[in-house]
Amino acid sequence: MTVEIQPIRGMNDVLPAEIGAWQRLDACVRELVASYGYEEIRVPIVEHTTLFKRAIGEYTDVVEKEMYTFSDQGGDSLTLRPEATAGIMRALISNGMLRGQRHKLWCVGPMFRHERPQKGRYRQFNQLDLEAVGLPGPDVDAELIALAARLWRRLGIERVRLEINSLGTPESRRAYRDMLVSYFREHESALDSDSRRRLEGNPLRILDSKNPQMHAIIAGAPLLTDHLDPESREHFAALCAALDSIGISYRINPRLVRGLDYYSRTVFEWITDALGSQDAVCSGGRYDGLIAQLGGEPTPGVGFAMGMERVVELLVQAGKAPPGRAADVYVVVSGARASAAGLGLVERLRDELPARRFDLNLGGGNFKAQFRRADRSGAALAVILGDDELARGVAAVKPLRNEAGQSECPLPELAAAIEAVLTGAAAPAE
RNA sequence: GUGGACGUAGCUCAGCUGGUAGAGUCCCGGGUUGUGAUCCCGGUUGUCGCGGGUUCGAGUCCCGUCGUCCACCCCA
């Protein structure tokens with residue numbers, strides 16, 4: 001045997017045993033986004049590296065150390081997308097879709113970040129992305145949050161809560177940033193090494209340090225919410241009022257900042273206590289300057305990204321992950337003639353009962369083995385076709401999940417008999 | 001990138017202070033010449049993650065390496 005090929009670290013297979021939760025989430029999402037008037041868009045997984053550098057920010061962790069970047073045969077620097085917003089905005093620009101138009105878009109697919117894998121964090125992971133472009137808000141901000149809230153409700157996920165904040169405009173944020181830097185400089189001796197490093201690059205990130213020794217200093221720092229420009233303050237107040245009016249509870253977290261540079265004004269995050277340290281399930285915000293920054297017609301935008309693996313994990317934990325649907329009928333065949341006739345019989349049954357699932361015994365096996373497989377398949381019913389039955393033009397029908405006895409049925413009436421037993425079995429007991 | 005725990009049969013795991021591997025499950029056959037889940041009997045399955053080292057002898061000790069999980073970090 002040759003040496004076994006390893007899977008790539010942090011890139012997982014979704015096996016049939018787990019697929020039920022994914023399919024449920026997928027179906028739920030498609031129905032939901034349609035009911036809010038969002039349209040699907042599909043964009044490439046690979047883009048020019050400069051797109052992400054310009055959109056996300058050169059000095060963010062994602063760009064600095066997490067991107068899968070490579071040169072193609074022509075020498076261009078390409079990158080596997082670490083997030084979806086940049087590519088979608090690029091698509092709007094490339095296809096001339098701006099010029100004052102509005103777009104409500106959704107997109108789902110794999111993202112790639114080279115991080116050390118742990119629970120809820122993988123190198124290839126799937127995100128659901130929603131983007132509303134051309135709408136300045138705050139009404140659309142509120143609706144987007146309501147959409148996410150409705151998804152949790154429909155999926156039966158309860159262990160999530162909402163935090164919101166406003167980052168203001170780039171100008172007000174810059175002014176606040178200067179205040180923050182001078183505050184932390186006064187207390188520089190008390191800062192840990194991480195925070196000192198951030199003081200240069202991204203001082204806002206000091207605010208969500210998890211180091212308990214930093215809490216006192218952070219608590220004394222000026223608050224972003226106290227230094228917003230008047231328009232942003234008004235925008236944020238209107239968002240809060242809209243959420244109040246539709247009964248969505250939230251917590252204002254003045255220290256909620258984002259790791260991607262393009263955000264402005266509204267930011268929000270749905271967090272959970274059920275996933276260990278990867279607690280963000282869905283997060284997003286407004287990016288009014290991004291499109292102009294990428295060379296497009298200046299257009300406001302707001303959106304969020306949801307980590308599908310994390311949602312699936314919450315579904316599983318909540319016991320809302322349905323098992324894969326089992327077969328309805330397992331067909332047992334025995335003897336040379338009956339085995340040969342089995343395929344044709346089951347093909348006919350599939351014509352007559354297209355909604356039912358038939359599992360024909362393949363690969364032979366004696367009766368004992370075939371019934372064992374029938375049992376393990378989860379089928380409600382076994383249909384038995386032996387040479388003896390075939391000669392008499394009948395098949396035996398045996399319920400596998402109750403004590404009702406086995407009966408025989410002429411082949412032309414078999415489909416009707418199967419349907420009758422299955423619907424009878426599905427009906428609640430009187 | 002840093003730290004901790006762990007890698008033994010397809011799967012879940014046992015294997016005490018070193019003496020050349022074991023259970024359950026799964027799968028297959030039989031008990032039941034054509035009837036599953038239960039029960040009984042039998043059978044197949046291992047480069048003990050990989051590479052070095054110590055030793056008469058290593059699954060067990062040491063070093064390295066790869067992987068998994070968790071935390072830091074980061075984020076969805």
Side-chain angles (χ1 to χ4, degrees), chain A residues 1 3-4 6-12 15 17 56 60-67 81-85 108-130 148 160 192-195 197-198 202 205 208-211 256-260 268-272 275-285 303-314 330 332-335 338 361 363-389 396-403 405-406:
Chain A
M1 217 162 78
V3 177
E4 192 177 308
Q6 300 292 317
I8 295 176
R9 183 164 209 204
M11 303 200 181
N12 304 122
L15 303 177
I56 298 170
T60 55
D61 280 29
V62 170
V63 169
E64 274 183 335
K65 45 195 189 196
E66 296 173 3
M67 296 205 303
R81 64 183 184 195
E83 58 98 55
T85 304
V108 67
M111 308 297 155
F112 302 83
R113 294 184 198 172
H114 191 100
E115 298 182 87
R116 187 97 166 238
Q118 67 182 71
K119 190 183 184 69
R121 185 171 80 183
Y122 310 103
R123 290 183 174 180
Q124 175 175 337
F125 58 101
N126 289 277
Q127 281 188 346
L128 167 68
D129 256 81
L130 269 80
V160 288
D192 62 14
S193 56
D194 273 343
S195 299
R197 185 167 45 77
R198 288 175 187 149
N202 197 344
R205 294 277 317 289
D208 55 9
S209 167
K210 283 182 187 169
N211 183 348
L256 176 64
V257 295
R258 316 285 23 253
L260 281 49
F268 58 89
E269 194 157 273
W270 292 91
I271 58 181
T272 179
L275 292 179
S277 65
Q278 305 306 315
D279 60 356
V281 180
C282 169
S283 58
F304 69 64
M306 188 178 288
M308 305 284 272
E309 281 77 3
R310 294 181 186 178
V311 177
V312 165
E313 177 63 28
L314 290 179
Y330 194 96
V332 171
V333 287
S334 169
N361 186 78
N366 60 27
F367 262 84
K368 186 184 179 116
Q370 292 197 42
F371 273 93
R372 189 161 48 226
R373 290 175 202 143
D375 186 53
R376 302 244 157 102
S377 78
L381 214 59
V383 164
I384 303 131
L385 185 71
D387 284 347
D388 173 46
E389 284 85 0
V397 176
K398 177 179 179 174
L400 294 170
R401 309 295 155 195
N402 60 43
E403 298 307 314
Q406 179 172 331

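Convention: sequence-line order gives letters A, B, ...; per-chain numbering from 1. Because the structure is predicted, anything quoted here is derived from the model rather than measured.
For A:Phe371 and B:G36, the CZ to C1' distance is 7 Å, given to the nearest whole Å. Whole-Å rounding puts the A:Glu115 CD to B:C69 C1' distance at 16 Å. Residue A:Lys119 contributes atom NZ, which lies 19 Å from atom C1' of B:C73 at whole-angstrom precision. Nucleotide B:U35 holds its C1' atom 7 Å from the CD atom of A:Gln406, rounded to whole Å. The distance from atom CZ of A:Arg123 to atom C1' of B:U68 is 13 Å, rounded to the nearest whole Å. Nucleotide B:C75 holds its P atom 7 Å from the CD atom of A:Glu66, rounded to whole Å. Atom P of nucleotide B:G31 and atom CG of A:Asn366 are separated by 10 Å, given to the nearest angstrom. When the P atom of B:G7 is taken as reference, atom CD of A:Gln6 falls 18 Å away, rounded to whole Å.
Rounded to the nearest Å, the gap between the P atom of B:G64 and that of B:C26 is 42 Å. Separation of the C1' atoms belonging to B:C62 and B:U54 is 7 Å when rounded to the nearest angstrom. Comparing B:G4 with B:A76, their C1' atoms are spaced 26 Å from each other, to the whole Å. Here, B:C40 and B:U25 have their P atoms 9 Å apart, quoted to the whole Å. One P atom belongs to B:G59, the other to B:G51, and the distance between them is 13 Å to the nearest Å. Taking atom C1' on both nucleotides, B:G53 is separated from B:C69 by 29 Å, rounded to a whole Å. Remark: the separation of the P atoms in B:U45 and B:A23 is 13 Å, to the nearest Å. Rounded to whole Å, the separation between the P atoms of B:C11 and B:C48 comes to 15 Å.
Where A:Ser283 and A:Arg373 each meet RNA chain B at their nearest nucleotide, the meeting point lying more 5' is that of A:Arg373. Residue-to-nucleotide proximity on RNA chain B shows that, of A:Asp387 and A:Ala369, the 5′-proximal contact is made by A:Ala369.
Of the possible polar contacts, none joining the A:Arg123 side chain to the A:Asn12 backbone as a donor-acceptor pair under 3.5 Å is found. Between the side chain of A:Asp129 and the backbone N or O of A:Ala305, no donor-acceptor pair lies under 3.5 Å. Within the 3.5 Å criterion, the main-chain N or O of A:Arg121 finds no donor-acceptor partner in the side chain of A:Arg310. Counting only distance, with no hydrogens or angles, the side chain of A:Arg113 and the backbone of A:Pro82 share a donor-acceptor pair below 3.5 Å. In this structure, A:Glu66 contributes its side chain and A:Glu115 its backbone to no donor-acceptor pair below 3.5 Å.
The base-pairing partner of B:U55, taking Watson-Crick or G-U wobble contacts with both distances under 3.5 Å, does not exist among the strands shown. Figure legend. B:G29 is base-paired to B:C41; pairs are counted as Watson-Crick or G-U wobble with both atom distances under 3.5 Å. Base pairing of B:A71: its partner is B:U2, meeting the Watson-Crick or G-U wobble criterion (both donor-acceptor distances under 3.5 Å). In this entry B:U65 has B:G49 as its Watson-Crick or G-U wobble partner, both defining distances falling under 3.5 Å.
Side-chain atoms of A:Arg116 stay outside donor-acceptor range of the base of B:C69, with no qualifying N/O pair under 3.5 Å. One cannot find a donor-acceptor pair under 3.5 Å joining the base of B:U35 and the side-chain atoms of A:Arg372. On a pure distance criterion of 3.5 Å, no polar donor-acceptor pair joins the side chain of A:Gln370 and the base of B:U35. Judged by distance alone with a 3.5 Å cut-off, a donor-acceptor contact links the side chain of A:Arg121 to the base of B:C73. You won't find any donor-acceptor pair under 3.5 Å spanning the side chain of A:Lys368 and the base of B:U35, going by distance alone.
Residue contacts shown for A:Asn126 are absent, as no nucleic acid heavy atom lies under 4.0 Å away. When heavy atoms are screened at a 4.0 angstrom cut-off, A:Arg376 is found touching the sugar-phosphate backbone but no base atom. When heavy atoms are screened at a 4.0 angstrom cut-off, A:Gly335 is found touching no nucleic acid atom at all. Residue contacts for A:Ala374: at a heavy-atom cut-off of 4.0 Å it reaches no nucleic acid atom on any strand shown. Within 4.0 Å of A:Ile384, counting heavy atoms only, lies at least one base atom of the nucleic acid. At the heavy-atom level, A:Glu389 lies under 4.0 Å from base atoms of the strands shown. Heavy atoms of A:Lys398 sit under 4.0 angstrom from at least one base atom.
Listed here is the closest heavy atom pair of A:Leu275 and A:Glu313: CD2-CG, 3.2 Å. For A:Phe268 against A:Gly303, the heavy-atom pair with the smallest separation is CZ-O, 4.1 Å. Taking both residues in full, the closest heavy atoms of A:Ala338 and A:Asp387 are given as N-OD1, 2.7 Å, listed atom of the first, atom of the second, then distance.
Within the 4.0 Å cut-off from OP1 or OP2 of B:C72, at least one side-chain nitrogen or oxygen of A:Ser277 is found. For B:A71, the OP1/OP2 oxygens have a side-chain nitrogen or oxygen of A:Gln118 closer than 4.0 Å.
The side-chain ring of A:Phe367 is stacked on the base of B:G34, judged by centre separation under 5.5 angstrom and plane angle under 30 degrees.
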